[in-house]
Each structure stands twice: as structure tokens, then as C-alpha cells.
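Quick caveat: nothing in here was measured; it's all calculated off a predicted structure.
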Amino acid sequence: VQLQASGGGLVQAGGYLRLACAASGRTFSSHIMGWFRQAPGKEREYVAAIRWGTGKTYYAGSVKGRFAISRNSAENTAYLQMNRLTPLDTALYYCARSVRGEFNFAGAYDYWGQGTLVTVSS
């Protein structure tokens with residue numbers, strides 16, 4: 001399984017970006033796709049996750065109401081719509097896949113994409 005994250009870039013505060021995570025190989029309904037981010041000098045943190053089969057979504061408190069995770073099963077791709085971005089959202093964003101039922105910590109994920117950089121200017 002390979003995960004390819006894309007869509008990062010430079011945006012002004014208040015702006016938006018849409019990240020995509022394309023998965024090679026089949027994604028099963030029991031899988032969870034998640035997004036994490038890592039800012040310079042900080043630990044990787046959970047951002048959002050989605051259950052592939054049901055579409056149920058989960059969010060970290062810091063992004064709830066601003067970010068939206070979704071998936072397109074036909075394209076085997078997960079998305080992260082990021083709105084009302086602030087400089088605190090600046091980070092390298094990673095997508096990952098979990099075959100476990102847990103989703104809000106990095107150890108639950110077995111495959112990771114390479115990361116896409118999001119920079120929010122003030």
C-alpha cells in the first residue's frame with residue numbers, strides 16, 4: 001500500500017486549502033484514513049480521521065468546525081478540506097491508514113504518506 005498526499009502550499013491566514021491522499025491498493029470498509037500534522041520543533045499530532053466504510057468522521061478539537069475530512073471510494077482517495085486557516089496550522093501534513101479500530105494516535109496507523117507542506121502566512 002502506498003499513500004500519496006498532495007495539495008499543500010502557501011496560503012494567507014483566513015484562506016483555505018484542500019489536501020488529497022490517494023491510496024494504491026484496495027481500501028477496505030474496516031480501514032480508517034487519518035490526517036496528522038507536524039510543525040517544526042513539535043511532535044506529530046492527530047488532525048482528523050474517517051472510517052472508510054461508514055464515512056463517520058472524527059476531529060481534533062483544534063480543527064473541529066474548520067476542517068472537513070471526506071473520502072471518495074471510487075477514487076480510493078481521502079480529502080481534507082481546510083478552511084479559515086491560521087499560522088498555527090502551518091505544518092507538514094501526513095495521511096495514514098489504520099486497520100485498527102483506534103484512530104487518534106499515530107501508533108494506530110500502519111501506512112503513511114510522504115507529507116505535504118502547508119504554510120499559512122499572517
Side-chain angles (χ1 to χ4, degrees):
V1 174
Q2 289 187 328
L3 302 176
Q4 181 71 38
S6 62
L10 174 63
V11 64
Q12 288 188 329
Y16 62 92
L17 283 173
R18 188 191 195 204
L19 306 184
C21 176
S24 66
R26 187 177 173 184
T27 303
F28 294 91
S29 60
S30 59
H31 292 168
I32 293 174
M33 295 295 286
W35 287 95
F36 287 73
R37 65 187 182 186
Q38 187 165 17
K42 295 189 176 182
E43 294 185 355
R44 190 172 299 190
E45 67 170 344
Y46 159 75
V47 174
I50 186 168
R51 292 192 183 274
W52 201 258
T54 64
K56 186 173 177 59
T57 59
Y58 308 89
Y59 298 94
S62 59
V63 306
K64 196 169 186 179
R66 298 189 299 125
F67 290 12
I69 188 171
S70 61
R71 91 279 195 236
N72 184 319
S73 299
E75 296 178 353
N76 220 23
T77 300
Y79 299 95
L80 185 69
Q81 177 68 40
M82 306 186 296
N83 301 320
R84 304 201 312 272
L85 287 162
T86 78
L88 292 177
D89 296 314
T90 295
L92 192 60
Y93 282 71
Y94 298 89
C95 61
R97 192 198 75 175
S98 170
V99 298
R100 302 168 54 171
E102 299 155 302
F103 55 85
N104 60 349
F105 62 100
Y109 293 80
D110 51 353
Y111 290 98
W112 291 82
Q114 84 289 0
T116 184
L117 181 62
V118 172
T119 303
V120 184
S121 62
S122 57

[X] [atom1] to [Y] [atom2] distance, which is reported to the nearest 0.5 Å:
X	Y	atom1	atom2	value
Y111	H31	OH	NE2	9.0 Å
W35	T116	CH2	OG1	7.5 Å
N83	F67	CG	CZ	8.0 Å
Y109	Y94	OH	OH	15.5 Å
R71	T54	CZ	OG1	7.0 Å
Q81	R18	CD	CZ	6.5 Å

Is the side chain of [X] donor-acceptor paired with the backbone N or O of [Y] at a distance under 3.5 Å, no angle test?
X	Y	value
N72	T77	no
Q114	A5	yes
T90	L88	no

Taking all non-hydrogen atoms of both residues into account, name the closest pair between [X] and [Y] and its distance.
X	Y	answer
L19	Y93	CD1-CB, 3.6 Å
A48	L80	CB-CD1, 4.1 Å
L3	M33	CD2-CE, 3.9 Å
L117	L92	N-CD1, 3.6 Å
S121	P87	C-CG, 4.4 Å

Just grab all the disulfide (SG to SG under 2.5 Å) pairs involving residues 11-122, residues at least two apart or on different chains.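 Qualifying pairs: C21-C95.
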Same apolar cluster: I50 and V47, side chain cutoff 4.5 Å: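 Yes, I50 connects to V47 through the hydrophobic network.
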Of M82, E45, R37, R84, which is the lone residue that meets side-chain contact (heavy atoms from CB on, under 4.5 Å) with V63?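 Exactly one pass, corresponding to R37.
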Kindly write out the residues that satisfy ring-ring contact (aromatic ring centres under 6.0 Å, His included) with Y58, not counting sequence neighbours, or none if the list is empty.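 Partners of Y58 under the ring-ring contact (aromatic ring centres under 6.0 Å, His included) test: F103.
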Salt bridge check, D110 against R100: does any charged N sit closer than 4.0 Å to a carboxylate O?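 Here R100 does not pair with D110 in a salt bridge, since their nearest N and O are not under 4.0 Å apart.
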More than 12 heavy atoms of other groups within 6.0 Å of Y16 OH: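 It does not: Y16 OH has 12 such atoms or fewer within range.
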Sub-4.5 Å side-chain heavy-atom contact between [X] and [Y]:
X	Y	value
N104	F36	no
L17	L85	yes
W52	S30	no

Establish, yes or no, whether the cationic atom of R44 lies under 6.0 Å from the six-membered ring centre of W112 and within 45° of the ring axis.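 Yes.
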With S24 via side-chain contact (heavy atoms from CB on, under 4.5 Å) - residues at least two apart: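 Partners of S24 by the side-chain contact (heavy atoms from CB on, under 4.5 Å) criterion, ordered by chain and then number, come out as Q2.
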